[in-house]
Every structure is written in structure tokens, then in C-alpha cells.
Amino acid sequence: MKCFLFGCIFLWATLQRSNMQIAVPATVLNCCEGDILILLDSSGSVANYDFSRMLLFVAELLRPFSLGRGHVRVGLLQVDTMPRKEFGLDVHSSQDRLQEALRRVNHLQGETNTEAALRMAQQMLTETQENVPKILLWLTDGVDPGDVEEPMSELKARGVSVLAVSTVHGNYQLLKRVVTPPLESHLYSVDIDDIDIITEDMREAIIKIIRAERLRVVHLTSHSAVLQWHPVLNTDSSYYELWYNSVLATHPEIRRTLSFDSSSAELTNLQPDTTYSASLRPESNKMLFNTLTATFTTLPDVLSPAVVSVSDSGPHQIRVSWGPLQLAQVQRYTVEYGAIPSGRVQTVTLHGHMTSTLLTGLEPGTQYLVTVSALHVNGKERAMSVRACTHEAALPALDDLQLNPAGEQEVQVTWLANQEGLKGYWVSWEKENFHMSSPKTSVSSIYLPPTSRSVWLTNLTPSTRVCVSPIYSSGRGDGLCCTASHTGQLS
């Protein structure tokens, strides 16, 4: 118990003391991008003092790194009877939170079930699809680690670099087989009191694996590209030198000088569908940096019209729109339209700044083929077509309807209607059936030819409603209705 208490006090005091060390290697900040999973032996074979020293080693090892997505992500998995995930790779994005989490880690003191922990490690390191370097750092006393060669081989086969630190001279041959070469920088066997002396060497080994020495293209168009990199300079006297040109050197090379705190640059006035090579060299009088390079191909030029759409359709009109707007590249647009399949083709010519036009004088209920062509300043032409339908024209309504009573339960119906395209009339009304034991009403209807102007209706019920609708080849027009009600004649 005294030993355990001493270990906890030692760990707390040492971590507090290390928190006051604010000097961070400048070449480490923002230097790297990758995932580091700490596999920490928390079994009963590890003494409390040794466990606290290993935690302190981890804290100092990771302290200089910038954390979070796009930088270094850190996870911690403890080896015990059942593996315990202390925190995942996406949990801590600042050093303060990481260091606080490390101070809260408890020694579990169970069995050394490394195999189960490695299965969980595989899931943690491979569940993300991000294409970044991944490291498994195994801290163990080397005592009875179990059958770990197969799961370690699976991790390495998936691109994970395995590094190990053993605090007891245990099965060194096994450790040699599971770590990723080179052994001299990826495998250390040290006495726990001397573990501090390997901190810088282990950190350098990690940096070599996850150093983000690459120039990335994060945005690309037909005429521009945005390059991004991790900043490695931190003084006003430092700067970046950037140069780029097409691979075929069709234009003079362009060189730019960027400030020390730059992390991206936009390249403009590029040629479409062209392959470029870009180089970036950090310049500093304190140390030598590698030159970063990137090769990319700009997108093909998007020639207008790339999209054509229709709107504001009516019986006699259609609005046609197109894009994108390219003022400097398009001289004029030509819009051709005609009824399908063999209608007369009409043409409208518009200025290059136009993006829409209203086509009028169209036939109702008709399908049209509309083609928008652009003449570009370089002589190229591009055309796109779209089919569009005009709306059906509104059918003429009945002009007038009158009911003239002619006797009891009898009325003459007269009307007026538009004769163009008229096919007939539809008349409906209610009447009484007297041949039944008790009179009943029923709805009757009749079709009349287009020459009809009136009709006589008999046996009408009281307050009969009479409706007449004109019929055209494309459907029924709006009708009119009247109520035949007259005192003394319709009871």
C-alpha cells in the first residue's frame, strides 16, 4: 500500500512539474499528421512505480505535438484481463486535455491479455478511412505477453507501424519479430529509471513516420489550384519559396515568396486540362528542410452552356435559361426552337451576357425542342438541347344560359357558346319518375350536337338545377348552371 501511495504521489508531482516546462521543440509543432495508439501494459506484473513512470514517459513523449484532425490524434488502450479503452483517437484535440486525461489513468492490475487488446487496437486504428500514417506504441514489462505475433502481423499488413518499449529484459526475441524495422529506432529495452533517456529518440522515430512532408492540393478548378502544407517555420527571418510550371513547360516558370506563417497558397491563371508541377521549399538559417513537391492536373474548361432549363411555361410561352455566365469567353448565344416532330424552326440571337430568354407565340399543348448554342471567343461552339411543353389552352366557356318555363314541370333551356372547335353540349338535370308507386327523382343527362341552341326538359322536380357544358375535341369547357324555380308552375 505504501508503495502504491508513493507511486501515485510521484506521478502527480512529476506530471505537475512537467506541466511547467513550456519549452516545446519548434520543429515538432504542426509538423505531423497521423494516428498514435498507446498500448499500455496495465497488468499486475507491472509495479505501480513502473506504471507511473511509463505514463510520465508517454506524457513527455507526446507533449510537443499539435493534436486533432489534420495533426496528431492520440488514443490510449490498457492491457488487462479485459482490455480497456481509456480514450479514442478523436477525443482530445489539445495538450491540456490530453495531459489531464493521462493524469487520470488508473493502474488496473489484472492479467496480461495482450491478444484481446490487440484485437481492439485493430478496430481503433482501422475504423477510420483517413489516409494518414498509423502507429501502435506498445509499452510493456515484457513478461508473458501471450501469442501476439499473428495480430501484430495483421496490424503491420494494414500499414500500421509497431514500436515497442520494454522495461524488463523479457522475451526480447519476440519483440524483435513484432516491431516494424528498423529495430534500432523502433525497439527499446530499458530500465524503468532510465526510460527518460529514450524520449527524444522515440519521438524522432515517430516524427519520421508521421511527418507531414507533403504538398497537398485541396481545391482544384479549370484555372486555379489551392496548395496546403503543415507550417514548419516560426521566425520572421524564415520564409517559403514556391515555384510552379506546366509539366510541358509551355509557359515561363512562376516563383513566389511566402511568409513564414503561411500554410496555403492559391495558384491562379492556370490553363485548363493541364498538368502542373509545384515545389515548396522552407528557407531557414537554423535548419535545413526538404523541398516538397506536388503534381496535379487542372479540370477541363467548363464551356457555357453547361446546363439548360425551362420555366414560366404557359399555353403560348416558355422561358429558357442557361449557364454558367462567362462574360469574357462567350460572344453570343443562339436559341433555336421548333415544335416536335416537324415544326418550323425559329431562331433568336442574344448577347453573351444573357442567361435567359422568353419564347412567345407558341402553340398550346405542344412539345418543343429548344437548342441553346454558344459561340466562344476562341471560335469554339457548344450547344445543349432540352424538350419543353406548353400548357394546354383554357377551353372556351359557355357564354350564356337561360331557363324559360313553358308549363308545369317543363322548361325550355337556351344558351350561347363559342363555336370554334365545338363538338357538342352536355346537359344534365333532375327529373321525377311518375311510373313508380312513389315518385322519385333521378339525375338525367343528354349529349346534344354542336348545332343545338336549346332543349325542352319535362318532369322536372321543384327547384331543378340545370347545367350545360360545351364539349371540345380536347375536353369539356366550363359550363353554366341555373335553377328552374317558378311559383305556381313547379311545386
Side-chain angles (χ1 to χ4, degrees), residues 18-36 59-74 89 92-99 130-135 137 161 163 185 199-220 224-247 252-270 276-296:
S18 64
N19 279 342
M20 296 184 292
Q21 297 174 0
I22 59 175
V24 174
T27 56
V28 176
L29 282 172
N30 299 316
C31 76
C32 307
E33 182 179 7
D35 296 341
I36 304 174
E60 291 301 313
L61 177 71
L62 300 175
R63 185 180 299 279
F65 292 106
S66 299
L67 303 182
R69 287 189 176 270
H71 297 283
V72 177
R73 303 193 307 169
V74 177
L89 295 166
H92 301 302
S93 58
S94 70
Q95 278 293 337
D96 289 342
R97 292 181 58 185
L98 174 63
Q99 297 296 326
E130 292 187 18
N131 185 24
V132 297
K134 302 176 188 296
I135 294 176
L137 176 56
S161 298
L163 285 63
S185 59
T199 302
E200 290 187 12
D201 291 336
M202 178 60 76
R203 186 185 296 138
E204 286 300 317
I206 291 174
I207 290 174
K208 286 183 180 180
I209 297 173
I210 64 175
R211 181 181 289 278
E213 286 190 343
R214 60 182 182 276
L215 196 57
R216 296 186 296 178
V217 181
V218 295
H219 184 68
L220 198 61
S224 67
V226 176
L227 306 180
Q228 189 178 77
W229 62 91
H230 281 285
V232 295
L233 304 175
N234 66 340
T235 60
D236 292 340
S237 60
S238 305
Y239 60 92
Y240 293 97
E241 186 174 3
L242 172 68
W243 63 96
Y244 58 96
N245 196 2
S246 63
V247 171
E253 181 180 83
I254 298 177
R255 286 184 172 265
R256 292 166 56 183
T257 300
L258 307 172
S259 62
F260 75 95
D261 56 351
S262 300
S263 59
S264 65
E266 183 178 12
L267 315 184
T268 57
N269 298 322
L270 305 182
Y276 285 84
S277 177
S279 299
L280 179 77
R281 183 169 58 234
E283 297 286 0
S284 172
N285 55 11
K286 293 185 177 181
M287 64 181 302
L288 182 65
F289 293 93
N290 293 331
T291 299
L292 311 181
T293 61
T295 301
F296 58 90

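In this chain, residues are counted from 1 in sequence order. Fair warning: this is a prediction, and the values are worked out from it, not measured in the lab.
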Note to self: Is there a side-chain contact between Tyr239 and Ser262 in this structure, where contact means two heavy atoms from C-beta onward sitting under 4.5 Å apart?
What the structure shows: no
Margin query: Given 3.5 Å as the limit, does a donor-acceptor pair link the side chain of Gln228 with the main chain of His219, or not?
Written below: no
Check: Under a 4.5 Å cut-off applied to non-hydrogen side-chain atoms, are Val217 and Leu227 in contact?
Finding: yes
Item checked: Minimum side-chain heavy-atom gap Ile206-Val72 below 4.5 Å -> no
Notebook entry, point to check: Taking atom NZ of Lys208 and atom SG of Cys32, what is their separation to the nearest 0.5 Å?
Noted result: 12.5 Å
Check: Rounded to the nearest 0.5 Å, how far does CG of Leu258 lie from OG of Ser263?
Finding: 10.0 Å
Margin query: Can you confirm whether Val132 sits close enough to Asp35 that some side-chain heavy atom of one is under 4.5 Å from a side-chain heavy atom of the other?
Written below: yes
Notebook entry, point to check: Nearest 0.5 Å, what's the CD1-OG distance between Ile36 and Ser161?
Noted result: 10.5 Å
Checklist line | Leu267 side chain near Phe296 side chain, heavy-atom distance below 4.5 Å | finding: yes
Checklist line | Side-chain heavy atoms of Leu67 within contact of Arg97, under 4.5 Å | finding: no
Notebook entry, point to check: Which atoms form the tightest heavy-atom contact between Ala265 and Leu242, and what is the distance?
Noted result: CB-CD2, 3.9 Å
Note to self: Within the structure provided, determine whether Asn269 and Ile254 are in side-chain contact (heavy-atom separation under 4.5 Å).
What the structure shows: no
Item checked: Asp261 and Ser259 side chains, donor-acceptor separation under 3.5 Å -> yes
Next item on the list: Calculate, to the nearest 0.5 Å, the distance between atoms CZ and CG belonging to Arg256 and Leu280 respectively.
Entry: 10.5 Å
Check: Which pair of heavy atoms, one from Leu292 and one from Trp229, lies closest together, and at what distance?
Finding: CD1-CB, 4.4 Å
Margin query: Testing the basics here: between Ala205 and Leu163, what is the closest heavy-atom pair and its distance to 0.1 Å?
Written below: CB-CD2, 4.3 Å
Notebook entry, point to check: Which atoms form the tightest heavy-atom contact between Leu215 and Ala278, and what is the distance?
Noted result: CD2-O, 4.0 Å
Next item on the list: Return the minimal non-hydrogen interatomic distance between Ala225 and Leu220, and the atom names on each side.
Entry: CB-CD1, 3.5 Å
Notebook entry, point to check: Rounded to the nearest 0.5 Å, what separation is found between the NE2 atom of His92 and the CG atom of Leu62?
Noted result: 11.5 Å
Notebook entry, point to check: Taking 4.0 angstrom as the limit, do Glu200 and Arg203 come out as a salt bridge?
Noted result: no
Checklist line | Glu241 side chain to Arg255 backbone, donor-acceptor under 3.5 Å | finding: no
Notebook entry, point to check: Closest heavy-atom contact between Phe65 and Gln95?
Noted result: O-NE2, 3.0 Å
Check: Atom CZ of Arg281 and atom CH2 of Trp243: how far apart are they, to the nearest 0.5 Å?
Finding: 4.0 Å
